[in-house]
Amino acid sequence: MAIELRILGRHQIDDHKVGFSYNGVAFGQNTLHTFAGLNAVDTREYVEATFACLREHGQQCARMGAYKPRTSPYSFQGMGKECLPWVFELAGKYDIRVISMEVTREAHVDEINEALEITGRPTGVMLQIGTRNTQNFELLKAVGRQHEFPILLKRGFGITLDESLMAAEYCASEGNTKIVFGLRGMKTNFGDPHRNLVDFAHVPVVHRLTRMPVCVDPSHSVGARGASPDGILDIFHVAAQGVIAGANMLLVDMHPEPRKSLVDAAQAISLSELSYFLEDVAIAREAYLRRLALTERVTQSAENTQQQRAA
Ligand code: PEP
Ligand code: MN
């Protein structure tokens, strides 16, 4: 890999730090946070039920889409800025500290900032750059120029990993290094019947090439609620695959009545599935931590053997 990641890359003399903290939540290559919630904000009742459920399960983060980039101009485009004040107020009511929310133009960042201001900053926002905008360079520079909100940069679904990493570097080059890199599957028929080809094998690759925490989005990768004969949903399986490889963030579509979701209804889990999902994720996380401990033990004993031979 010969690409020039001056800021985000890992270098020989490494004085840049890994990770960041935002609104009381720490993000790094060793942490794990789940962001479950609405793909697209629809009603106040559904938003409140979602936040209430998240808090009940000890969650401080959520996803909420207000601006939706859709394939068809005739599809629901998201509620836009009108919903922001009440979404943020409800988030504050349920102690949600960080909401991942996609922006598709610079003006959306100002709208989010204004809505936070008039509501007394009850919550925080992570600006999500969607896969369709990974190479919208002016947008990347704009979210990089503001240093308040962290960024979730989703990998482009039809470009190389290097190109997507360079997109993250665009944000960083404007001064904002609070960036999480998101894997969400690649667009190709080779992933059929999944919506996209799951690319979570790149979690450790992005960890070693960059200092960014890595997010995986099992909902957009898989795109539907199919289950294997073991009874486990594909969405759960791939989430676990990301977490067991060390992922630091999960972005999951969840809805009080999944079939009524206005966007991507086929891939949403229900509120009643959240505790099951979180327990399953915890199993995968524990397995990852055990793998880490095993590797440390094996590496240490190899080093000890070498030292004994040299002595
Ligand atoms: C989303 O997370 O709502 C979304 C549109 O994702 P992506 O950009 O990965 O398609
Ligand atoms: Mn979508």
Side-chain angles (χ1 to χ4, degrees), residues 33-42 46-47 50 54 61-73 75-80 83-84 87 98-105 108-109 112 125-137 139-140 143 149-161 163-165 167-168 170-171 179-188 191 194-200 202-203 206 212-224 235 238-239 242 247-255 258 261-269:
H33 301 289
T34 297
F35 285 60
L38 302 184
N39 180 306
V41 171
D42 40 31
Y46 286 151
V47 170
T50 301
L54 288 169
C61 304
R63 63 159 288 147
M64 286 284 153
Y67 310 100
K68 299 302 300 177
R70 305 303 304 282
T71 302
S72 164
S75 301
F76 175 61
Q77 304 285 308
M79 291 190 76
C83 70
L84 299 180
V87 168
V98 189
I99 298 175
S100 182
M101 179 175 279
E102 179 164 0
V103 292
T104 60
R105 53 196 292 231
H108 296 159
V109 183
I112 287 169
V125 172
M126 180 179 282
L127 302 174
Q128 190 176 318
I129 302 297
T131 194
R132 291 159 185 81
N133 273 312
T134 309
Q135 286 189 315
N136 181 340
F137 300 114
L139 180 63
L140 298 177
V143 296
F149 304 112
I151 302 162
L152 169 60
L153 189 277
K154 283 201 172 183
R155 174 185 200 169
F157 56 27
I159 57 177
T160 66
L161 181 62
E163 287 164 336
S164 288
L165 295 176
Y170 254 95
C171 303
I179 308 170
V180 177
F181 189 82
L183 302 173
R184 47 84 69 214
M186 302 300 289
K187 189 176 279 297
T188 161
H194 291 161
R195 184 179 182 189
N196 290 285
L197 182 66
V198 182
D199 53 351
F200 300 169
H202 275 165
V203 169
V206 178
M212 290 183 280
V214 179
C215 172
V216 295
D217 179 341
S219 309
H220 282 83
S221 300
V222 169
I235 289 171
V238 304
N248 309 109
M249 175 170 161
L250 283 156
L251 194 66
V252 188
D253 289 13
M254 180 174 81
H255 195 281
S261 176
L262 296 178
V263 182
D264 293 339
Q267 68 194 26
I269 64 168

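Computed from a prediction, not measured in an experiment: that's the story for all the values here. Note that ligands are numbered from 1 as they come in the structure, with each ligand's atoms numbered from 1 the same way. Below, all heavy atoms of this structure are taken into account, side chains as well, without hydrogens, waters or symmetry copies. Nothing fancy with the numbering, it's 1 onward along the sequence.
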Legend entry - Residues forming a side-chain hydrogen bond (donor to acceptor under 3.5 Å, both in side chains) with Ser261, sequence neighbours excluded: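 In terms of side-chain hydrogen bond (donor to acceptor under 3.5 Å, both in side chains), with neighbours along the sequence ignored, Ser261 is linked to no residue.
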Legend entry - Any residue meeting side-chain hydrogen bond (donor to acceptor under 3.5 Å, both in side chains) with Glu163, in chain and number order, not counting sequence neighbours: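 Thr160.
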Inset, instruction - Run the numbers for me: atoms of ligand 1, each under 4.0 Å from some heavy atom of Gly130, listed by number. - result: 8 (O)
Legend entry - Atom indices of ligand 1, in the order listed, that fall short of 4.0 Å to a heavy atom of Arg132: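 Heavy-atom distances to Arg132 below 4.0 Å select 10 (O).
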Legend entry - From Glu102, Met64, Gln128 - option closest to atom 2 (O) of ligand 1 by heavy atom: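 That would be Gln128.
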Legend entry - Heavy-atom proximity to atom 9 (O) of ligand 1, best of Arg184, His220, Lys187: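 Of the listed residues, Arg184 has the closest heavy atom.
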Legend entry - Pairing of Asp264 and Arg195 as salt bridge, 4.0 angstrom limit: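 Counted as a salt bridge, because a side-chain N and a carboxylate O are separated by less than 4.0 Å.
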Inset, instruction - Inspect the surroundings of CZ in Arg70 and state if more than 12 heavy atoms from other residues, nucleotides or ligands are less than 6.0 Å away. - result: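 More than 12 within 6.0 Å, yes.
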